[in-house]
Each structure stands twice: as C-alpha cells, then as structure tokens.
Amino acid sequence: MDVIELLPRLHLLRFPVGQAYLWRDDDALTLIDAGTIGAGRVIADAVTALGYTPGDVRRIVLTHFHEDHVGGAGEFAALSGAEVLAHDLDAPFIRGERPGPPARFEDWELPIHAAAVKLLPEGTPVPPASVTAVSDGDVLDLGGGARVVHVPGHTDGSIALFLPAHRVLFTGDTVAASLTDGTVIPGVFNLDRRQLLASLGRLAELDADVACFGHGDAVVGGAAAELRKVASAR
C-alpha cells in the first residue's frame, strides 16, 4: 500500500484496487473507506508509521458497500475500536445481513471489471460488529463539521462527505479519475448511471477545492471547476 500526503491533515492510502483516506483533526483521526479484505492490519501499520496509534482513529466512514471499500472495515474497527458509519440503505450489506445488489454493467465496463476482480484478495470480509446509520444532511464531528451528502446511483446508499471549512470533498465512487490519464470521469460499475450523473451534478455545486475519489488521483486545487466540467458534459 502507498501512503501519500495530499494536505498536512490528509493522506491517501492506495491499495492494489481502490483507496482510502485518513483525515487528521487535532484530537482524533477519521478513516474514509477501508480497503479490501486484509487491509485492516495494513491500515493499522500505516497509522502507526505516521506517528499515531490505531486507537486514535475514532470513526470509519464508508461511502458504500462494495468490497474494495468495506473489506477491511471490520478488521480495522476491531483493532482500533473505531465507530463505523454508513448510509442506512447500504448498512445491511456492510453488516453482512444479505448480499448487496450487483452492478448493471455497460458492455465496455465488463473487461475492466474482470481485470479488477483478479486483483481482489480471496476470502470473506469480517463485518463490523455494528454500523451507525447516517443520512443526507447529517453533520459529523470532524473537519470542523463534515456534511453527509447522499449520492445514489453507484449504489442506493452511496454517500459523499464534504468538509466546508477545508473545502475537501470525498466522493466515493460517484466520481473517479482515469487510471490512464488522470481525467476526471463519472464513476463506473453502477446500479443506475442516470441517477449517478444526477448525483455528480449535485457534487459539482459544492465549493470544493480538493476532491478525493475512490479510484484515481485526487484533484488538489480547483476541484469544483473540474467537477462542473464533467457534469456539464454529460
């Protein structure tokens, strides 16, 4: 896993498939997404290498239920004692109560998905002991007040997290950056692409300077303009 500083308070944790983010307040850390199966210990080691302890991570915010975002959540929550939060529509799948609905692939997405699946570790994720449900408009105690934005389309319970005081936006998989040329694009492997594009338009209205995606390089500086460009082209 690569650990990349984006801002003094923000690090990107990049896995073979997908990525997570670590946000630092003065008195606590927050993990946004948690990687694939087996990532719990790797994240704990990264937190330690940055000079903290896993117990300093007070919460894990999950943007949606897909395995490359929640696979390590139960593992790391057990190591750290962190509270796990997710939208109430995706929470049952994260708790392991039932499988989530599969994506509706477009033809051109099928080979990309097949290649990504080969990189995922085998096994069954350890679900978190509990998941606290959040909803659109909730404000979480991090980053001076982080607003939960419900962005359905990729999954029914997908959320973004916006920190207005720092102008930092975590989009989950509603938005991505191309792994080939870094172009900002709508997310792929969706339940409802039309709904996803509407959600992308909602994110483009936010005054974000930094945008952190579930896949691909973050935009550090001028993120709102990039998101508006993508939204207006669809």
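We're numbering straight along the sequence, starting at 1. These numbers were taken from a predicted model, which means no experiment stands behind them.
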List the steps and the verdict of side chain to side chain contact (heavy atoms under 4.5 Å, CB included) for Val149 and Asp136. CA-CA 5 Å; Val149 185; Asp136 187 62; 4.2 Å; yes
Set out, in order, the CA-CA distance, both residues' side-chain angles and the distance that settles side chain to side chain contact (heavy atoms under 4.5 Å, CB included) for Leu142 and Arg59, then state yes or no. CA-CA 9 Å; Leu142 66 116; Arg59 63 190 69 79; 3.6 Å; yes
Starting from the C-alpha separation in whole Å, work towards a yes-or-no answer on side chain to side chain contact (heavy atoms under 4.5 Å, CB included) for Arg9 and Asp26. CA-CA 9 Å; Arg9 292 183 181 271; Asp26 292 339; 3.1 Å; yes
Verify side chain to side chain contact (heavy atoms under 4.5 Å, CB included) between Phe213 and Val219, making sure each step is shown before the conclusion. CA-CA 8 Å; Phe213 311 128; Val219 174; 3.9 Å; yes
Please tabulate, for side-chain N and O atoms in residues 110-119, each donor-acceptor pair with protein atoms closer than 3.5 Å (sequence neighbours left out).
none

Taking only distance into account, with no hydrogens and no angle test, what donor-acceptor pairs under 3.5 Å do side-chain atoms of residues 156-170 form with protein atoms, sequence neighbours excluded?
from   : atom 1 : to     : atom 2 : distance (Å)
Ser158 : OG     : Thr155 : N      : 3.2
Ser158 : OG     : Thr155 : OG1    : 2.8
Arg167 : NE     : Asp207 : O      : 3.2
Arg167 : NE     : Asp207 : OD2    : 3.4
Arg167 : NH2    : Asp207 : OD1    : 3.0

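Here the side chains of Leu203 and Val151 are in contact, with some heavy-atom distance below 4.5 Å. You'll find the side chain of Val61 stays beyond 4.5 Å of the side chain of Trp23, heavy atoms only.
Residues Val210 and Gly221 come closest through the heavy atom pair CG2-N, 4.3 Å. Across all non-hydrogen atoms, the minimal contact from Phe189 to Glu109 is N-OE2, 3.2 Å. The heavy-atom pair separating Ala39 from Ala34 by the smallest distance is CB-O, 3.5 Å. Taking all atoms of both residues into account, the shortest heavy-atom contact from Pro127 to Arg95 is CB-O, 3.5 Å. When all heavy atoms of Leu191 and Pro102 are compared, the pair lying nearest together is CD2-O, 3.1 Å. Scanning all heavy atoms of the two residues, the minimum distance from Ala91 to Val131 falls at CB-CG1, 3.9 Å.
For the side-chain contact (heavy atoms from CB on, under 4.5 Å) with Leu13, the lone residue among Asp33, Asp2, Val47, Leu31 that qualifies is Leu31.
Side chain of Asp192 to main chain of Arg194: a donor-acceptor pair is present (N/O by atom type, distance under 3.5 Å, no hydrogens or angles).
Between Glu205 and Arg202 there is no salt bridge, since none of the side-chain N atoms of the basic residue sits less than 4.0 Å from a carboxylate O of the acidic one. Of the charged side-chain nitrogens involved, at least one lies within less than 4.0 Å of a carboxylate oxygen, so that Glu106 and Arg193 count as a salt-bridged pair. We find that Arg14 and Asp217 are joined by a salt bridge, their nearest charged nitrogen and carboxylate oxygen being less than 4.0 Å apart.
Annotation for Glu75: atom CD counts as buried by contact number, over 12 foreign heavy atoms lying within 6.0 Å.
Sorted by first then second residue, the ring pair (Phe, Tyr, Trp, His ring centres under 6.0 Å) pairs that include residues 132-160, not counting sequence neighbours, are His64-His154, His66-His154, His87-His150.
Remark: the Thr48 side chain and the Asp45 side chain contain no N/O donor-acceptor pair separated by less than 3.5 Å. The closest side-chain donor-acceptor pair between Asp138 and Ser135, if any, does not fall under 3.5 angstrom.
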